[in-house]
Amino acid sequence: MKTITSIKASKSQTPLVMITAYDALFASIFDKKVDMILVGDSLNMSFNKAADTLSATMDIMIYHTKAVCAGAKDTFIICDMPFGTYTDAKTALKNASRVYQESGAHAVKIEGGKERAAIIKALTDNSIAVMGHIGLMPQFVRSEGGYKVKGRKEEEIKKLIEDAKAVEEAGAFCLVIEGVIASVAEEISRSITIPTIGIGAGSGTDGQVLVWSDAFGFFNEFQPKFVKRYLDGHRLIEEALDAYVQEVKTRKFPAEEHTY
Ligand code: KIV
């Protein structure tokens, strides 16, 4: 199982693999097969049908993180801090402490760069491991007026590099780079010593993360360009469900072997 030390040592080595999970059932399938599991607040969209991640709460995240920890006992687990729960150092410390006290998560994830560095430092100074997240930050969707790929303009590139350095200096052990032009994500990765995990950020990062329901074809609403579907889950479940419905209706199920 990965630790903070071995994750940090993975910089520029074989890419790290992270996937999201939201429950014990799927977490137990992913256990030991990936390096890290992220209990992402993306669950609010893929599992709760909300339009964005902003209405996820601390209680929701802790409930799902506990479930994932129960299912994946041998994998490094990160709990996403939901919107509005780390607005200042004191609030962040109170809420992130809940993650450690109430779930078995090994770290928390926080969106934001330079402007959040003091908050990240308050957590790392108090023995809470923090994964950073810069670039396209889903919790900024309403204030930025949409999901915007970053790193197209010179001043954006400069800010992204400054953000990455600030997050590293604040003590984060790893950094998610989301929705960033590939060459820029590579430059960011080269400019810091902690590993970077990309999503929609090309192949030049130290690892990759995908939302599991996107990767396995269960989220059918839309398919972003950066997602590769490794399974047509929605169709397979539908086919199986149709077969079940059909067999019940025709009294084919339960058969003799399913009967006491
Ligand atoms: O919430 C989430 O799943 C995330 C990943 C997309 C990195 O933050």
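What you see below is based on every heavy atom in this structure, not just the backbone, and it leaves out hydrogens, waters and symmetry mates. Order of appearance sets the numbers: ligands from 1, and atoms from 1 within every ligand.
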- Honestly, for Asp80 the part within reach of ligand 1 (heavy atoms, under 4.0 Å) is side chain
- Task: On the 0 to 90° scale, with breaks at 30° and 60°, tag the Phe216-Phe30 ring pair as parallel, tilted or perpendicular.
- Result: tilted
- Message: Which of the numbered atoms in ligand 1 are under 4.0 angstrom from any heavy atom belonging to Asp41?
- Response: 1 (O)
- Query: Nearest to atom 4 (C) of ligand 1, what protein heavy atom do you find, and at what distance?
  - Reply: Leu38 CD2, 3.6 Å
- Message: Counting the benzene-type ring for Trp, do His106 and Phe76 have ring centres under 6.0 Å apart?
- Response: yes
- Task: Measure the distance from atom 2 (C) of ligand 1 to every protein heavy atom, then report the residue, atom name and distance (to 0.1 Å) of the closest one.
- Result: Ser42 OG, 3.3 Å
- Query: Quick one: which ligand 1 atoms are inside 4.0 Å of a heavy atom on Gly40?
  - Reply: 1 (O), 2 (C), 3 (O)
- Task: Note the single closest protein heavy atom to atom 8 (O) of ligand 1, along with its residue, its atom name and the distance in Å.
- Result: Lys109 NZ, 2.9 Å
- Message: Please tell me whether Ser42 and Tyr22 have a donor and an acceptor in their side chains that are separated by less than 3.5 angstrom.
- Response: yes
- Protein residue, atom and distance nearest to atom 6 (C) of ligand 1, heavy-atom basis: Ile199 CD1, 3.7 Å
- Task: Answer with yes or no whether the hydrophobic clustering places Ile199 together with Ile7; edges join I, L, V, M, F, W, Y residues whose side-chain heavy atoms lie under 4.5 Å apart.
- Result: yes
- Do the side chains of Asp163 and Glu115 get nearer than 4.5 Å, heavy atoms only? yes
- Numbered atoms and elements of ligand 1 in range of His133, under 4.0 angstrom, heavy atoms: 8 (O)
- Item | Residue Thr20 vicinity, atoms of ligand 1 by number, heavy atom under 4.0 Å | 3 (O)
- Item | Donor + acceptor pair across side chains of Glu239, Tyr244 (<3.5 Å) | no
All N/O donor-acceptor pairs, side-chain side in residues 177-187, below 3.5 Å, sequence neighbours left out:
| from | atom 1 | to | atom 2 | distance (Å) |
| --- | --- | --- | --- | --- |
| Glu178 | OE1 | His133 | NE2 | 3.0 |

